[in-house]
Amino acid sequence: MKKSIILLVSISSLFVMQNCSSSKKATTKTPEPIVSFEKDITPMLKASCTPCHFPPDGRKEPLNTYEAVKKNIADMITRVKHPKDDARFMPFKNKRPALSDSSIKVLEQWQKQNMPQ
């Protein structure tokens, strides 16, 4: 009888230890790097959105300030994702090279991170 109780307690303890979250190895997930407006977004915009969206030469919606880009980020992401032959695609009429998939991901990541400066 004592052996049965000891065996039952041992099995129960083993079960609890295997399913206890603190006994499992923690999986470390590499955090996404913080995207900066000044360091990451501004150079991308200067390369792809000038002169049309940068005053004084640009006559379109200005994208030369943090506030302007923050206000327009959702529309910007949508427009750079359109097919190149779509009239809404940016950069307009391929005046500048299209943003790469990795550049678009940077814009999306910046938006997801609540647009740090």
Side-chain angles (χ1 to χ4, degrees):
M1 178 84 164
K2 284 185 178 183
K3 287 183 180 183
S4 297
I5 293 173
I6 292 173
L7 181 60
L8 183 59
V9 169
S10 297
I11 290 172
S12 297
S13 297
L14 181 61
F15 180 78
V16 168
M17 293 296 286
Q18 285 181 341
N19 292 311
C20 180
S21 63
S22 64
S23 67
K24 293 181 181 179
K25 288 185 179 179
T27 55
T28 55
K29 189 175 182 181
T30 306
E32 289 182 330
I34 301 296
V35 178
S36 159
F37 178 75
E38 293 297 326
K39 183 180 76 120
D40 302 301
I41 305 300
T42 298
M44 185 185 323
L45 297 179
K46 284 182 179 177
S48 297
C49 305
T50 57
C52 302
H53 293 280
F54 278 75
D57 297 331
R59 305 210 190 298
K60 305 293 181 190
E61 180 75 32
L63 298 175
N64 61 324
T65 66
Y66 171 78
E67 291 79 19
V69 176
K70 183 176 178 180
K71 176 180 140 192
N72 291 292
I73 189 64
D75 186 51
M76 291 168 57
I77 291 170
T78 300
R79 301 217 34 187
V80 298
K81 287 180 150 184
H82 281 301
K84 289 182 181 180
D85 59 349
D86 188 316
R88 297 167 293 179
F89 174 76
M90 284 290 148
F92 184 68
K93 294 188 179 183
N94 298 318
K95 290 185 177 184
R96 291 286 187 178
L99 270 66
S100 66
D101 289 341
S102 61
S103 293
I104 294 170
K105 286 181 196 245
V106 169
L107 288 174
E108 292 172 326
Q109 185 177 352
W110 183 66
Q111 182 185 37
K112 183 176 142 186
Q113 294 173 350
N114 294 316
M115 299 158 281
Q117 283 190 332

Shortest non-hydrogen separation from [X] to [Y] and the atoms involved:
X	Y	result
Gln109	Pro33	NE2-O, 2.8 Å
Glu38	Pro43	O-CD, 3.5 Å
Pro97	Ser48	O-OG, 3.8 Å
Pro62	Ala68	O-CB, 3.2 Å
Leu45	Phe54	O-CE1, 3.7 Å
Met44	Val106	CE-CG1, 3.7 Å

message: Determine whether a donor-acceptor pair (N or O, by modelled atom type, separation under 3.5 Å) exists between the side chain of Arg79 and the backbone of Arg88.
response: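 Yes, because the side chain of Arg79 sits within donor-acceptor range (under 3.5 Å) of the backbone of Arg88.
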
Test item: [X] and [Y] side chains (from C-beta on) under 4.5 Å apart, heavy atoms:
X	Y	result
Met76	Val80	no
Asp75	Glu61	no
Met90	Leu99	no

message: Quick test of your reading: applying ring-ring contact (aromatic ring centres under 6.0 Å, His included), list the pairs with at least one residue in residues 67-101, sequence neighbours left out, ordered by first then second residue.
response: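 Pairs touching residues 67-101 that pass the test: none.
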
message: Leu107 and side-chain contact (heavy atoms from CB on, under 4.5 Å): which single residue from Ile77, Val69, Asp40, Val35 fits?
response: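 Single pass found, and it is Ile77.
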
query: Can you tell me how far NZ of Lys46 sits from CZ of Arg96, rounded to the nearest 0.5 angstrom?
result: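 The NZ atom of Lys46 is 12.5 Å from CZ of Arg96, to the nearest 0.5 Å.
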
field: Value rounded to 0.5 Å, distance of CD1 in Ile73 from CD in Glu108
entry: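 Reported value, rounded in 0.5 Å steps: 9.0 Å.
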
field: Any residue meeting ring pair (Phe, Tyr, Trp, His ring centres under 6.0 Å) with Phe37, in chain and number order, not counting sequence neighbours
entry: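 Scan of Phe37 (ring pair (Phe, Tyr, Trp, His ring centres under 6.0 Å), adjacent residues dropped) gives Tyr66, Trp110.
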
